[in-house]
Amino acid sequence: ETGVTQSPTHLIKTRGQQVTLRCSSQSGHNTVSWYQQALGQGPQFIFQYYREEENGRGNFPPRFSGLQFPNYSSELNVNALELDDSALYLCASRDTTGSYEQYFGPGTRLTVT
Amino acid sequence: KNEVEQSPQNLTAQEGEFITINCSYSVGISALHWLQQHPGGGIVSLFMLSSGKKKHGRLIATINIQEKHSSLHITASHPRDSAVYICAFQTSGSRLTFGEGTQLTVNP
């Protein structure tokens, strides 16, 4: 049990739609990172938020956006869904005043049809 | 060439065998993580190390910073160890760069 939760667990959307995925971090974890994991591959970094501001982004288009809230929750929003967006989406949080250890949520499985 | 390479990609072992999974990376890092992922997706952090060796139960992780190489060892493997094992490095901030993972199957 990592103390990081994600919702929903599974989601099916249609191409062109928009989706919001949620992550709730441990109290005190001021940094959250989001990753996309396609089937059979390692996770790919989407972006990172620190104290409610984006402070790092991977090679993902602007239709991937996020928010981080003061209550240690965060969101990943994806607009204009494409079939290739089908993947497991993981969030990971850490307290930057502590060690480098990161705590992963269980993931949201998104299927785009 | 990927920044982090794992080997082997797939590994099948008999219960009780000693298992080694290797990870090589190409950049200077602040920390190296070993993670376990079971079917269904959830990722569990096994180790985070920046030098030397760490041990937890039957799991041992080592890292050689000069050679940019890390290994994960499992002693007395058990079918419940069957999972995907992933190494990931961290350079600055919280961003992790992951390997492709090693699918381990331990047969009874």
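Below, chain A is the first sequence line, B the second, and so on; all start at residue 1. These figures come from a predicted structure and were not determined experimentally.
- For A:Gln37, the part lying near chain B is the side chain, with the backbone staying farther off; criterion is any non-hydrogen pair under 4.5 Å.
- For B:Phe89 and B:His33, the distance between ring centers is not under 6.0 angstrom.
- For the set B:Thr97, B:Val84, B:Leu96, the entry with the most heavy-atom pairs within less than 4.5 Å of chain A is B:Leu96.
- Aromatic pair A:Tyr49/A:Phe47: ring centres closer than 6.0 Å.
- For the residue pair A:Gln18/A:Thr20, the side-chain donor-acceptor check at 3.5 Å is satisfied.
- For a residue to count as touching a neighbouring chain, one of its non-hydrogen atoms must lie under 4.5 Å from one of that chain's; by this rule A:Tyr35 touches chain B with the side chain only.
- Take B:Glu100 and apply the salt bridge (Lys or Arg N to Asp or Glu O under 4.0 Å) test, not counting sequence neighbours, and it matches no residue.
- The contact between B:Gln37 and chain A is made entirely by side chain atoms (from C-beta outward), counting heavy-atom distances below 4.5 Å.
- The closest side-chain donor-acceptor pair between B:Glu17 and B:Ser77, if any, does not fall under 3.5 angstrom.
- With a 4.5 angstrom heavy-atom cutoff, A:Gln48 touches chain B only via side-chain atoms.
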